[in-house]
Structure formats: structure tokens, C-alpha cells
Participant: 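There's a structure below that I have some questions on.
This one's a predicted model, so the numbers in the text were calculated from it and none came from an experiment. A, B, ... follow the sequence lines: proteins, then strands. Residue 1 opens every chain.
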There are 2 protein chains.
Amino acid sequence: MKRDSQATRRRILDEATVEFARHGIAGARVDRIAASAGCNKAMIYAYFTSKDRLFDAVFDAAVVRNVTDVPIDAADLPEYAARLAEQYEKYPEVDRLATWDRLERGGAGARTTTITAATAHKVEAIAGVQRTGLVSDRLPAATLLELIYAIARTRFDSVAPGEGAPVPEHRRETVKEAVARLVRP
Amino acid sequence: MKRDSQATRRRILDEATVEFARHGIAGARVDRIAASAGCNKAMIYAYFTSKDRLFDAVFDAAVVRNVTDVPIDAADLPEYAARLAEQYEKYPEVDRLATWDRLERGGAGARTTTITAATAHKVEAIAGVQRTGLVSDRLPAATLLELIYAIARTRFDSVAPGEGAPVPEHRRETVKEAVARLVRP
DNA sequence: CGGGCTACCAACCAGTTGGTTGGAAGTATG
DNA sequence: CATACTTCCAACCAACTGGTTGGTAGCCCG
């Protein structure tokens with residue numbers, strides 16, 4: 001068959017993203033990833049060394065995209081949070097991968113240099129805006145960021161599933177309103 | 001050895017709680033549960049039928065305790081959220097079990113009659129207080145409850161791990177302040 | 001055109017694991 | 001004291017699974 005190692009690697013990563021997001025590390029099956037990627041299991045080990053390293057690659061790719069796609073705007077935290085919520089809506093697997101990482105690996109994936117640097121930058125940006133008085137300093141910058149993350153990740157589907165769950169536009173407004181209240185001076 | 005089926009069942013449930021909270025369903029090992037419960041694996045199947053049913057029993061016990069231990073007080077939502085946060089601090093396995101349930105079973109455990117009834121009651125209680133004007137109705141009652149849950153579950157340890165993470169008392173005040181802002185009319 | 005390298009694969013291995021079986025042992029009762 | 005019931009167990013089974021091996025086949029280059 002026609003060969004293209006870059007294409008094979010790409011398909012493995014894509015299908016592994018789906019499999020890990022759905023089943024986590026312990027529940028994912030390397031055989032299933034190979035089957036849906038249309039290649040042999042040995043190829044996965046050739047490119048990624050082990051199941052765990054494959055998860056690393058998947059996690060890093062997903063998280064880097066989130067950090068890149070949604071830069072912080074400390075001057076407009078409600079809007080920033082709304083864009084973050086949209087990103088989670090667009091890529092629900094990212095939150096799932098982050099949650100699997102927290103449960104199965106104690107959050108090790110989130111302690112990479114890329115993420116910790118990005119996070120430190122965000123905290124400093126929020127602290128800066130707090131010093132100008134535009135954002136309340138009743139809560140520390142790091143705490144505020146965690147709350148913004150928690151609110152942006154909320155899907156609003158578990159209390160009243162199927163009914164009253166906000167459509168994306170409502171979710172955006174909900175997140176915006178909630179964060180606006182948190183940061184109001 | 002002296003026999004006591006109630007005691008054996010209790011030990012299995014306790015050790016299964018630890019194992020499922022730590023590893024989830026796919027990652028938990030029935031052999032490990034048996035070993036730490038000090039009984040034979042066959043006993044687990046005698047009492048609980050299957051690994052999945054054992055998780056059901058563990059989940060139900062943990063969740064029922066949360067619902068029972070922390071009844072809602074719609075007249076003081078910030079304080080209610082603070083008590084909820086304390087409960088999560090006291091029993092961190094509950095949030096983990098709920099999260100595994102969401103990831104591995106699509107939240108099926110949370111859709112039991114006990115929980116949906118308790119939730120409906122809470123939503124109605126919040127809606128009632130909104131009608132009196134004491135709590136803002138900018139956000140629907142169900143949405144407000146989801147946000148309260150999200151805030152109460154936040155551990156404030158992932159943005160600045162190890163440093164600046166609030167001690168329980170600070171966490172309580174942080175949750176209270178955040179929820180007070182959300183519900184302010 | 002043939003050799004060598006790269007990309008790929010079917011079959012396999014050794015260990016694991018949820019669940020079962022054919023009992024043994026403790027205990028209660030007649 | 002013997003029987004029967006309940007609680008418990010060691011060994012086992014069949015299927016599974018992460019990872020490896022001994023290749024094959026496509027393709028490039030001299």
C-alpha cells in the first residue's frame with residue numbers, strides 16, 4: 001500500500017484522542033486505536049513507545065491548542081471566560097482528557113512547562129488588572145483564575161439534563177454573567 | 001475464623017471505595033479489593049454480583065451520605081456552598097467517584113431517583129428564594145445550582161499547586177465570597 | 001534491475017483479570 | 001453429637017491485553 005509515515009502518525013494521534021477521551025488510559029485499548037487508525041499495533045509502539053507515551057502526545061497536542069487558541073484578555077475576563085467556554089464546547093475531549101489526567105495521573109500532564117508557564121502568565125495578567133482597580137482583589141489572582149476555569153468548564157447539563165440545558169449561546173451568556181459578578185470591583 | 005457477613009460486606013465496601021476512588025472502574029482490581037478487605041474474591045461476587053454492581057453500591061453509599069449530610073439552605077446559599085466545600089474536603093473520594101461516574105458511565109450513577117429528587121428539591125428551593133428577591137434571578141435556579149456545585153468542588157490547587165493553595169478555612173471563605181457574588185440581587 | 005532501507009504487518013508471548021467452581025470450615029439447631 | 005446451613009476459600013478458566021518478533025512489501029537509488 002502507499003506509505004506515508006506522517007499521515008499514519010497523524011491518524012494514530014487523532015484516533016487515540018477519541019479513544020483516550022472516551023475511555024481514559026486504563027480503559028483505552030491499543031488494539032482499538034490501531035483498528036480505527038487503519039494500521040498495525042506495532043506501528044503505535046514504533047512511533048510512541050508505549051500506551052502512556054501515546055497519552056502524553058495526545059494530551060500535549062490538545063492542551064497546546066487550547067492555550068494557543070484562547071489567549072487571556074485580563075482587561076475583559078468575562079469575555080475571556082466566554083471564549084474559553086466556547087472552546088470547551090468545540091473540543092469537549094480536552095476537558096475529558098484533562099479530567100482523566102487528573103484522576104489517573106494526579107494531574108501530571110498539566111504540570112508541563114508549557115502549561116505552567118502559560119498559567120503563570122495568566123495569573124500575573126489578572127494580578128496586574130487587579131492592581132488597576134478594574135477587577136476586584138477580594139480574591140487572589142490564582143484563585144480567580146481557578147474559578148474562571150471551573151465556570152467555563154461547567155456544561156450546565158447535570159442538574160436538569162435534557163431540559164433547560166443552555167444552548168451554546170445561553171451558556172456563553174451564563175458564563176459571562178457569572179464571571180462578571182466574580183470580578184466586579 | 002470468626003464469621004460475620006455484615007462485617008465482611010462493610011470491609012469490602014470500605015476498601016472498594018478507596019480502590020474505585022483512586023483508580024476508577026476500569027483501573028480498579030477486584031483482587032486488590034479482596035486483599036485489602038481481608039477476604040476472598042469469591043466473597044465479593046457473592047455479595048455484589050459483579051465489579052460494576054460493586055461500584056454502584058459504593059457510589060450510592062457515598063452520594064447518599066453527601067445528600068444527607070449537607071442539606072440545602074436556600075436562605076443562605078453562600079453558607080450552604082461553604083458547608084458543601086467542607087464536605088468535599090472531608091470526603092474527597094466523593095468528588096472523585098462522581099467524576100469517574102461521569103467519565104466512565106456518562107453520569108448514570110447521578111441519575112438515580114435519590115439524587116434527581118434531591119436535586120429537584122434544591123432547584124425549587126432556590127427558585128423560591130429568587131421569587132422573594134433575596135437572590136438574583138439573572139441566572140435560572142438550575143444554572144445557579146450547577147455553578148454552586150462547580151465552585152464548591154474547586155480545590156484551588158491546580159493553578160498554583162503547593163503554593164498559595166488555600167487551607168480549608170481560606171477555601172471556605174473563598175467559596176462563600178464567590179457564591180455571595182453570584183447570588184447578590 | 002537488484003539491493004537496501006523504510007514503513008508496515010500477522011502472529012505471538014507472558015502476564016493479567018473478571019468471574020466461577022468445588023469444595024472446607026465455622027456455627028447453629030435438633 | 002451429627003447434620004445442615006452459612007460464610008468463606010484456593011484453584012481455576014477463558015478471555016483479554018500491552019508489548020514484541022520475525023518477518024513482508026513498497027520504494028528509492030546506484
Participant: Nearest heavy atom decides the nucleotide; on that basis, is B:Arg11 or A:Asp31 closer to the 5' end of DNA chain D?
Facilitator: B:Arg11

Participant: Please list residues of residues 16-26 of chain A whose heavy atoms come under 4.0 Å from any atom in DNA chain D, ordered by number; otherwise none.
Facilitator: none

Participant: Would you call B:Glu79 and B:Arg172 a salt bridge, using N to O less than 4.0 angstrom?
Facilitator: yes

Participant: Is it the case that the base of C:dT6 and the side chain of A:Arg3 share a donor-acceptor contact (distance under 3.5 Å, atom types as modelled)?
Facilitator: yes

Participant: Does D:dC8 have OP1 or OP2 under 4.0 Å away from a side-chain N or O of B:Ser5?
Facilitator: no

Participant: Could you tell me whether A:Glu104 and A:Arg96 make a salt bridge, using a distance below 4.0 angstrom between a side-chain N and a carboxylate O?
Facilitator: no

Participant: Output yes when at least one side-chain N/O atom of A:Arg29 is less than 4.0 Å from OP1 or OP2 of D:dG18, else no.
Facilitator: yes

Participant: When all nucleic acid strands are considered with a 4.0 Å heavy-atom cut-off, which category describes A:Ala28: base, sugar-phosphate, or nothing?
Facilitator: sugar-phosphate

Participant: Less than 4.0 Å between a side-chain N and a carboxylate O, is that true for A:Arg11 and A:Glu15?
Facilitator: no

Participant: Pull out every residue in residues 40-60 of chain A that has a heavy atom closer than 4.0 Å to any atom of DNA chain D, ordered by number, or say none.
Facilitator: A:Lys41, A:Ala42, A:Tyr45, A:Ser50, A:Lys51

Participant: Is A:Arg155 salt-bridged to A:Asp157, going by a charged N under 4.0 Å from an acidic O?
Facilitator: yes

Participant: Under a 4.0 Å N-O cut-off, is there an ion pair linking B:Lys90 with B:Glu86?
Facilitator: no

Participant: Taking the basic N atoms (NZ, or NE/NH1/NH2) and the acidic carboxylate oxygens, is any pair closer than 4.0 Å for B:Arg105 and B:Asp56?
Facilitator: yes

Participant: Look at B:Arg171 together with A:Glu146 and state whether they make a salt bridge at an N to O cut-off of under 4.0 Å.
Facilitator: no

Participant: To the nearest Å, how far apart are A:Gln6 CD and C:dA7 P?
Facilitator: 9 Å

Participant: Going by the ring-ring contact (aromatic ring centres under 6.0 Å, His included) test, name the single residue among B:Trp100, B:Phe55, B:Phe59, B:Phe48 that passes it with B:Phe20.
Facilitator: B:Phe55

